[in-house]
Amino acid sequence: MAKRRKNGLYGGVSEELSAVMRTGWADTERRGLRLDEQAPYAARRRATLSARFPGERLVIPSGNLKVRSNDDCYPFRPYSGYVHMTGDQARDGALVMEPRAEGGHDAYCYQLPRDGRDDDEFWTGPSAELWMGRRRSLAESERVLGLPCRDVRGAADDLAAASGVPTRIVRGVDPVLQAAVTTDEELDTGLEEALGDLRLVKDAWEIAEIRRAVDSTVRGFTDAVRELSGAIASSERWIEGTFFRRARLEGNGLGYGTICAAGEHATIMHWTDNDGPVRPGDLLLLDAGVETHTLYTADVTRTLPIGGTFTPLQREIYDAVYEAQEAGMAAVKPGAHYRDFHDAAQRSLTARLVEWGFVEGPVDRAYELGLQRRFTMAGTGHMLGLDVHDCAQARTTEYVDGVLEPGMVLTVEPGLYFQPDDLTVPEEWRGIGVRIEDDLVVTDGGHENLSAGLPRSADDVEAWMAEYAG
Ligand code: GLY
Ligand code: MN
Ligand code: MN
């Protein structure tokens, strides 16, 4: 919770003011609320989780505000496992799955309810509604979430008092609740892994949300191309701001910090300063994703010739990445090993690097030794969903060593990065970075590229820029 303010201009509250503040408020309880459309999906997800942990209490907190300074906090982002299991985004919440003697679990949710008006908390407290905005009452939360709800201010005591039941908690999310329960770290990790496993295959509701995130992202990229001249006149920040406007207008915001990398910045995988010049003749690598109001994100990259056309060398590198992406995407189908798309794309890039003479062949040996990584740097993709690198805590056997199934959503994002100070490549190659990243859902028959609304081939990118950036 936010800290109270020190050095505010008002020192205290007179009894008269306190009395005046407590009176004269309308009843604003919302009585006509309907069940959230995600609630039945969340209930099914909880049923799957329940089956994994018979006889055990599970505690999945949403998290708290983090203080930036004094009474100023960072924007709140709930723990994704909590969102997945409840459809809720409230801070200071927790889902509890209480084991039933006859099997299965009863689920309920701790929530920070509305402030009453019979003390001063609602306007002087650390979470004062009058300052921070209205919260839901417990009755409202019950209707929206379809779960019994309790006041979170009693949660630590409740859980400490009920310590006879074997309990697991997701660690590192809510320190107060974590301190209230006695658990085993290894078992807690098992809960976190299970929550990751259960997000590997998206349900229909989630796929629709990711589709929505990608569609907004496509519009954000088109905005960026339209506003390229503003960036040329200022800096990469212009594009960052342009994309952010779309993200805030259509969604909750960004799924991750936008990478807007012109010229040699494109060789820095996590370039987010975005304060460099945007010069015709260079490439611009834009890696950005809109996060929906329900917190699902897209993750898309396009590399654009700022002046509208690729130079022959830029195109040669771009085409190599494009071919690798084609090879990677072709390997995305049900029954394929998850690693197949990575292997296909990386082998393709390794072959080009050997052909160019930057990596010593033969290709099989180079790939086995990972020699291409000097220039390809990252893995070829990852699961995508509530988190940009989704399901990161899932069991390795289920994720990177697993098999693709319909409903999985992943990125395919090969790249080539020639560092500006790399003496092993000719000078004109140095400082060029290219990545192409798309978001794919595995279908019964193969895959669908959700971000196909954006051009990918060099010709199509140039035509797109001629249409929008001209
Ligand atoms: N934008 C982060 C990634 O592509 O993985
Ligand atoms: Mn990305
Ligand atoms: Mn990615």
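Order of listing sets the numbers, starting from 1, for every ligand and every atom in it.
- The residues Glu323 and Arg352 are annotated as salt-bridged, a charged nitrogen and a carboxylate oxygen being separated by less than 4.0 angstrom.
- Relative to the ring axis of Tyr41, Arg44 places its NZ or CZ within 45° and under 6.0 Å from the centre.
- The contact set between ligand 1 and His389, taken as ligand atoms under 4.0 Å from a residue heavy atom, comprises 2 (C), 3 (C), 5 (O).
- When each of Lys333, Met408, Lys202 is paired with Val442, the side-chain contact (heavy atoms from CB on, under 4.5 Å) condition holds for Met408 and for no other.
- Here His382 reaches the Mn ion (ligand 3): one of its N/O/S atoms is less than 2.8 Å from the metal.
- A salt bridge (charged side-chain N to carboxylate O under 4.0 Å, His left out) with Arg302 is found for one member of Asp438, Asp287, Asp460 and no other, namely Asp438.
- Of the protein's non-hydrogen atoms, Asp299 OD2, 3.3 Å is the one closest to atom 3 (C) of ligand 1.
- Taking the six-membered ring where tryptophan is involved, the planes of Trp429 and Phe358 are perpendicular, since the angle between them exceeds 60° and thus also 30°.
- With 2.8 Å as the limit, Asp299 counts as an N, O or S neighbour of the Mn ion (ligand 3).
- Taking every heavy atom of Glu413 and a limit of under 4.0 angstrom, the matching atoms of ligand 1 come to 3 (C), 4 (O), 5 (O).
- For the Mn ion (ligand 2), the set of nearby N, O or S atoms under 2.8 Å includes none belonging to Glu413.
- Within the listing of ligand 1, atoms 1 (N) sit less than 4.0 angstrom from a heavy atom of Tyr256.
- Nearest N, O or S atom of Glu437 to the Mn ion (ligand 3): atom OE2.
- A salt bridge links Arg347 with Asp364: the distance from a Lys NZ or Arg NE/NH1/NH2 to an Asp or Glu carboxylate oxygen falls below 4.0 Å.
- Contact between Arg435 and ligand 1 is absent, with no heavy atom of the residue lying under 4.0 Å from the ligand.
- A perpendicular orientation is assigned to the rings of Phe243 and Phe221, their planes being inclined by more than 60° (bins at 30° and 60°).
- Close approach of ligand 1 to Glu437 is summarised as follows: ligand atoms under 4.0 Å from at least one heavy atom of the residue are 4 (O).
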